[in-house]
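In what follows, a structure is listed as structure tokens, so that the remarks can point back to it.
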Number of protein chains: 2
Amino acid sequence: MVKRSPDGLYLDAVFGALAHPTRRALVEQLAVEPTSVGDLADPHDMSLAAVSKHLRVLEDAGLIEVEKDGRVRRCHLNAGPLSEAFGWLTRYRVFWEDRFDALEDHLEADQ
Amino acid sequence: MVKRSPDGLYLDAVFGALAHPTRRALVEQLAVEPTSVGDLADPHDMSLAAVSKHLRVLEDAGLIEVEKDGRVRRCHLNAGPLSEAFGWLTRYRVFWEDRFDALEDHLEADQ
DNA sequence: AGTCTATTCAACCAAAGAGTTAAATGAGAA
DNA sequence: TTCTCATTTAACTCTTTGGTTGAATAGACT
């Protein structure tokens, strides 16, 4: 069996959460400021319940925290788990930068 | 409606592909060297057909290219699309680094 | 107490995902 | 051409996902 990193579970959840455009949009909205569920849902062309479910997915991935403020639920971005995904991608960064460097070299040689 | 980046489709596919541990493992294997489907499948505790399907998902996300070499199909990592995901995450890097900086400050203040 | 308002829960549905086994393809070797 | 090996396709099952609507909860305002 191939080795699996101990934090694989987080990666599943985080990458999975980011795989849906609505959820990425929600993260983008929350990067601006903490926002209530209703306000988060407004711009999206789907029911409030559907957005609520997407928020649950983000919460399960640890990407948001929900604070009760009276009768509204205010969601905050918690970007910590994103660094996990970032870290994973970083390990492969050289593979696309190599190609970029090769292209640069090629262009320079052309001049 | 909330704005959606023009390359959202790629992000769906790339993040979706990375959301499964088997597929991340396949990427890790391919980062070592180009590998045939059979050799890729060996370490995994599932049928060859299942691995073949995972490879298709990676291919659809543009993350691998398959070269026919006689009767074996040799898969190469194509990390380009990873930079797409990396770029998206980078936009939110400040959100977890802020927290990290705050922690650093806190620790320094403690000393 | 009664009524808005915000949000979630429950039940449902269609489509996609992850796996299986068995048959089909395609190319090299005998 | 026949056999074998590498891989994909087909058909099927089971679970998860993404959405719906309608009822339930819970806090704030009269």
Q.
Less than 4.5 Å apart, side chain to side chain, heavy atoms only: is that true for A:Arg74 and A:Thr35?
A.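 They are not in contact (no side-chain heavy atoms under 4.5 Å apart), so the answer is no.
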Q. Hey, does A:Glu59 have a side-chain heavy atom less than 4.5 Å from the side chain of A:Val66?
A.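 Yes, their side chains come closer than 4.5 Å.
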Q: Mind checking salt bridge (charged side-chain N to carboxylate O under 4.0 Å, His left out) for A:Arg73 and listing every partner two or more places apart, or none if nothing turns up?
A: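 Applying salt bridge (charged side-chain N to carboxylate O under 4.0 Å, His left out) to A:Arg73 gives none.
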Q: Report the residues that fulfil side-chain hydrogen bond (donor to acceptor under 3.5 Å, both in side chains) with B:Arg23, sequence neighbours left out, ordered by chain and then residue number.
A: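 B:Arg23 satisfies side-chain hydrogen bond (donor to acceptor under 3.5 Å, both in side chains) with B:His54 once adjacent residues are dropped.
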Q | chain A footprint on DNA chain C, 5' to 3' - any atom under 4.0 Å from a heavy atom | A |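 Boundary nucleotides touching chain A, in 5' to 3' order, are C:dC4 to C:dC9.
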Q. How does protein contact run along nucleotides 12-30 of chain D, one letter per nucleotide 5' to 3', with B for base contact, S for sugar-phosphate only, - for none, heavy atoms under 4.0 Å?
A. ------BBBB-----BS--
Q: Please identify each residue that fulfils ring pair (Phe, Tyr, Trp, His ring centres under 6.0 Å) with A:Tyr92, with sequence neighbours left out.
A: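 With sequence neighbours excluded, A:Tyr92 shows a ring pair (Phe, Tyr, Trp, His ring centres under 6.0 Å) to A:Trp88, given in chain and number order.
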Q. Among pairs that include at least one residue of residues 58-80 of chain A, which meet ring-ring contact (aromatic ring centres under 6.0 Å, His included), considering only residues two or more places apart or in two chains?
A.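 Those involving residues 58-80 of chain A do not exist here.
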Q) Which heavy atom in B:Leu40 sits nearest to a heavy atom in B:Gln29, and how many Å separate them? A)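 Here B:Leu40 and B:Gln29 meet closest at O-NE2, 3.3 Å.
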Q) When you check the phosphate oxygens OP1 and OP2 of D:dT8, does a side-chain N or O of B:Ser52 lie under 4.0 Å from one of them? A)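 Checking D:dT8 against B:Ser52, a side-chain N or O does come within under 4.0 Å of OP1 or OP2.
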Q. Taking atom CG of B:Asp39 and atom CD of B:Glu33, what is their separation to the nearest 0.5 Å?
A.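 Reported value, rounded in 0.5 Å steps: 8.5 Å.
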